[in-house]
Amino acid sequence: MSAPVRVRFAPSPTGYLHIGGARTALLNWLWARHTGGTFVLRIEDTDRERSTDEAVRAILDGMRWLGLDWDEGPDIGGRYGPYFQMLRLDIYRAYAEQLVKAGKAYACYCTKEDLDAQREVARAEKRQFLYPGTCRDLPYDPSRRHVIRFRLPKLLEVTFTDLVKGPITRPGSTLQDEVIVRADGVPLYNFGAVVDDVTMEINLVSRGDDHVNNTAIQVLLYEALGYPVPAFAHLPMILGADKTRLSKRHGATSVTAYRDMGFLPEAVVNYLVRLGWSHGDQEIFTMGEMVKHFGYDHVGATAGVFNPDKMVWVNQTWIKSLTPAELARRAVPYYQAAGLAVEGDARLPDVAKAFQERAKTLVDLVAQSRYLFAPVEMDPKAREKFLVPDAAPVLQGIRDGLAASATVDAAGLEKLFHDVAAGRSLGLGKVAQPVRVALTGGTASPGIYDVVLLLGREESLRRLDAALALAAS
RNA sequence: GGCCCCUUCGUCUAGCGGUUAGGACGUCGGCCUCUCACGUCGAAAACAUGGGUUCAAGUCCCGUAGGGGUCACCA
């Protein structure tokens, strides 16, 4: 029996939750849930220049919206806390001292400027720059400003096995005495992450593959610290259409931006999991199905291009699958954002039902159904084509029929429309289209009977009268 | 440039030595139809390249090309 899985997502709070970070978080979460293990959320805020509380909030919000709950981390704590690196400085200091005492790390007094200059020279000579070990054997002088560097052991190469890429080997000659603690005592990424993963007993490190090159030095750090090396799973990057790393240039990259565009969290998660992972031919997954089937053996090794069209399709598929009541509930905030007061409107579920096969996003749903909650905004082209004198008798026929009927229902409307069409030897389209323009202001909508029903008799009559006036002029 | 990783339709992918190379998005056509959608039927569309290994290679090995990543007192 192997130890229970402990995985983590460790974002640095320097911006919003990126779509790529969300996928990393998702896969870790899935593995934890699949195995019954623990999902840890840790905030790597040691870059004080760029870390902000606002970003922490944005990341937590994004995770919650996606439905990725953490078992240990910010807000809820846990027995391996704290879960903010800046609150763990004592821990790093202790481990750093341990390494220095053991001669596995040392104080380096070189200045940043000096090193930059050396790098510059190396570049000019087209030479690879590796720290030459200038301070390697200097006596320790705490009164001088210094960083702590890891003393690279003598070795030929470092090898580790990656769950998605297989064995990865890196020549020792490309490694250097990396700085692990800054002059101000704050650890650098490679050290902080290793110490945290050790002390939090993380046994699988699954992260973006932009970290593969850090892994060798981290493996050495685990060994120097005397701890077992965890398993690694480096997830391929998400690329833009031009095959470069996905960035702002390619459009929205933050999870919240997709929320605001009207994507369902189920759809975002569904799309992201399929970008790099597969389960046969299945495209649509509920969270439960993902948890059940997920495994690193089917995580692909290739970087994937983010395809907005497919994500829209996934979203549309999810919108269709919700019950009308649930869809209506989810749409309310989007109506409000559009300035439409819909709370308490009993038609909402019916509206959702009428539009759920047409809406690509919740924003789209609101836009398409706007005329049900606001005055008609007449499309000039539609008016010009359909609200013409020829259409007046038809509109009048529908108007009168509607006014004469005591109750309105789908069957009655169907009869009315067919009678008016038959009475003038017209196809149904010749009747439905002018009415559609009259009621909605445009040429595309749900079935015309549904529109009348949703609008109600009085409002429909009002709009028909207004259209009649336009058709006559 | 050094090092690391990657390479099946435009895109996401299935494939785990023997397949007419399958599915999905997108595209194009047909059907359905009161519009728009939905649905449905169909079409075009891929194993980067050169060598091996093998009776047999998309599947294994090596090279080449191309792409990505990384080379900080960022993460």
Side-chain angles (χ1 to χ4, degrees), chain A residues 10-14 44-47 49-51 85 108 110-112 115-116 119 123 126-130 145-149 162 164-166 168-171 173-176 178-184 186-190 192-193 207-216 234 236-237 239 241 243-245 271 274-284 297-298 300-314 316 320 355-360 368 382 386 414 417-418 421 427-437 440 442-449 451:
Chain A
S12 74
T14 54
E44 306 210 330
D45 54 356
T46 54
D47 183 346
E49 307 276 292
R50 300 191 300 147
S51 297
Q85 290 193 319
C108 169
C110 296
T111 62
K112 180 101 164 60
L115 290 169
D116 285 344
R119 256 189 287 272
R123 182 146 36 107
K126 296 190 167 204
R127 211 185 65 231
Q128 166 98 331
F129 178 76
L130 291 174
R145 186 177 174 81
H146 65 275
V147 301
I148 308 278
R149 277 185 192 272
D162 191 283
V164 347
K165 294 174 191 291
I168 295 177
T169 299
R170 174 141 182 213
S173 59
T174 64
L175 267 17
Q176 64 176 343
E178 216 63 56
V179 359
I180 56 175
V181 181
R182 296 174 169 88
D184 62 3
V186 177
L188 249 23
Y189 171 72
N190 280 316
R207 78 251 274 202
D209 76 2
D210 48 337
H211 285 298
V212 279
N213 290 306
N214 290 319
T215 308
H234 286 99
M237 302 271 84
L239 275 23
K243 303 257 191 179
T244 62
R245 191 193 191 126
Y271 177 72
R274 279 289 292 111
L275 187 52
W277 173 78
S278 62
H279 178 65
D281 284 341
Q282 190 170 345
E283 296 286 351
I284 301 299
D297 51 341
H298 280 90
T302 35
V305 173
F306 184 80
N307 183 343
D309 284 343
K310 184 154 184 180
M311 189 156 99
V312 166
W313 173 78
V314 173
Q316 198 171 0
K320 282 188 290 181
F355 286 90
Q356 74 183 142
E357 288 187 338
R358 290 164 238 271
K360 294 177 187 303
Q368 283 194 45
F386 292 102
E414 185 172 358
F417 275 71
H418 276 97
L428 194 55
K430 293 291 185 195
V431 179
Q433 274 309 78
V435 174
R436 173 169 284 114
V437 173
T440 72
T443 55
S445 83
I448 194 63
Y449 314 138
V451 175

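For clarity, every value in this text was computed on a predicted model and none was experimentally measured. Here is how names work: the chains are called A, B, and so on, in the same order as the sequence lines, proteins then strands, and each is numbered from 1.
- Base pairing of B:U40: its partner is B:G30, meeting the Watson-Crick or G-U wobble criterion (both donor-acceptor distances under 3.5 Å).
- One C1' atom belongs to B:G66, the other to B:C60, and the distance between them is 22 Å to the nearest Å.
- Heavy atoms of A:Ser173 sit nowhere under 4.0 angstrom from any nucleic acid atom.
- For the C1' atom pair drawn from B:G67 and B:A72, the interatomic distance equals 25 Å after rounding to whole Å.
- Figure legend. B:C16 is base-paired to no nucleotide; pairs are counted as Watson-Crick or G-U wobble with both atom distances under 3.5 Å.
- A:Arg119 comes within contact range of the sugar-phosphate backbone alone, with a heavy-atom separation under 4.0 Å but no base atom that close.
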Take A:His234 and A:Val164 through the test side-chain contact (heavy atoms from CB on, under 4.5 Å) and record every step on the way to the result. CA-CA 6 Å; A:His234 286 99; A:Val164 347; 5.7 Å; no

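- For A:Arg170, the salt bridge (Lys or Arg N to Asp or Glu O under 4.0 Å) criterion is met by no residue, not counting sequence neighbours.
- Counting heavy atoms from C-beta outward, A:Arg123 and A:Phe129 have side chains that stay 4.5 Å or more apart.
- Looking at heavy atoms from C-beta onward, A:Ile180 lies out of side-chain contact with A:Pro187 at the 4.5 angstrom threshold.
- Using a 4.0 Å heavy-atom cutoff across all strands shown, A:Val147 reaches at least one base atom of the nucleic acid.
- Of the candidates A:Asp47, A:Asn214, A:Thr46, A:Tyr189 forms a side-chain contact (heavy atoms from CB on, under 4.5 Å) with just one, namely A:Asn214.
- The side chain to side chain donor-acceptor pair (under 3.5 Å) check on A:Thr443 picks up nothing, with sequence neighbours excluded.
- Toward the 5' end of RNA chain B, the nearer of the two residues A:Ile448 and A:His279, judged by each one's closest nucleotide, is A:His279.
- Here A:Asp116 pairs with A:Lys112, A:Arg119 under the salt bridge (Lys or Arg N to Asp or Glu O under 4.0 Å) rule; sequence neighbours left out.
- In this view, A:Arg145 satisfies the salt bridge (Lys or Arg N to Asp or Glu O under 4.0 Å) rule with no residue, not counting sequence neighbours.
- Comparing B:C12 with B:C6, their C1' atoms sit 16 Å apart, to the nearest whole Å.
- Contact annotation for A:His211: base contact, defined as any heavy-atom pair under 4.0 Å involving a base atom.
- Within 4.0 Å (heavy atoms only), A:Thr443 reaches at least one base atom of the nucleic acid.
- Residue contacts for A:Arg123: at a heavy-atom cut-off of 4.0 Å it reaches no nucleic acid atom on any strand shown.
- Rounded to whole Å, the separation between the C1' atoms of B:U13 and B:G29 comes to 26 Å.
- Remark: B:U11 base-pairs with B:A24; criterion is Watson-Crick or G-U wobble with both hydrogen-bond distances under 3.5 Å.
- If you check every strand for non-hydrogen atoms under 4.0 Å, A:Lys320 touches sugar and phosphate atoms only.
- Going from the C1' atom of B:U59 to that of B:G22 covers 15 Å, rounded to whole Å.
- Contacts of A:Thr169 with the nucleic acid, taken as non-hydrogen atoms under 4.0 Å apart, involve only primed sugar atoms and P, OP1 or OP2.
- When heavy atoms are screened at a 4.0 angstrom cut-off, A:Phe129 is found touching no nucleic acid atom at all.
- For B:C4 and B:U8, the C1' atoms lie 24 Å apart once the distance is rounded to whole Å.
- Comparing B:G17 with B:A57, their P atoms are spaced 14 Å from each other, to the whole Å.
- Within 4.0 Å (heavy atoms only), A:Ser445 reaches at least one base atom of the nucleic acid.
- Nucleic acid contact for A:Leu188: sugar-phosphate only, since backbone atoms but no base atoms lie under 4.0 Å from a heavy atom of the residue.
- Residue contacts for A:Ala303: at a heavy-atom cut-off of 4.0 Å it reaches the sugar-phosphate backbone alone, with no base atom in range.
- Spacing between B:A46 and B:U40 at atom C1', rounded to whole Å, works out to 26 Å.
- Running 5' to 3' along RNA chain B, contacts with non-hydrogen atoms of chain A at under 4.0 Å begin and end at B:G1 to B:A75.
- Nearest-nucleotide positions on RNA chain B place A:Lys126 closer to the 5' end than the other of A:Gln316 and A:Lys126.
- B:G66 is paired with B:C6 under the Watson-Crick or G-U wobble criterion, all donor-acceptor distances under 3.5 Å.
- When heavy atoms are screened at a 4.0 angstrom cut-off, A:Thr46 is found touching the sugar-phosphate backbone but no base atom.
- In this structure, A:Asp309 has no side chain to side chain donor-acceptor pair (under 3.5 Å) partners at least two apart in sequence or on a different chain.
- Contact annotation for A:Asp116: no contact, since no heavy-atom pair falls under 4.0 Å across all strands.
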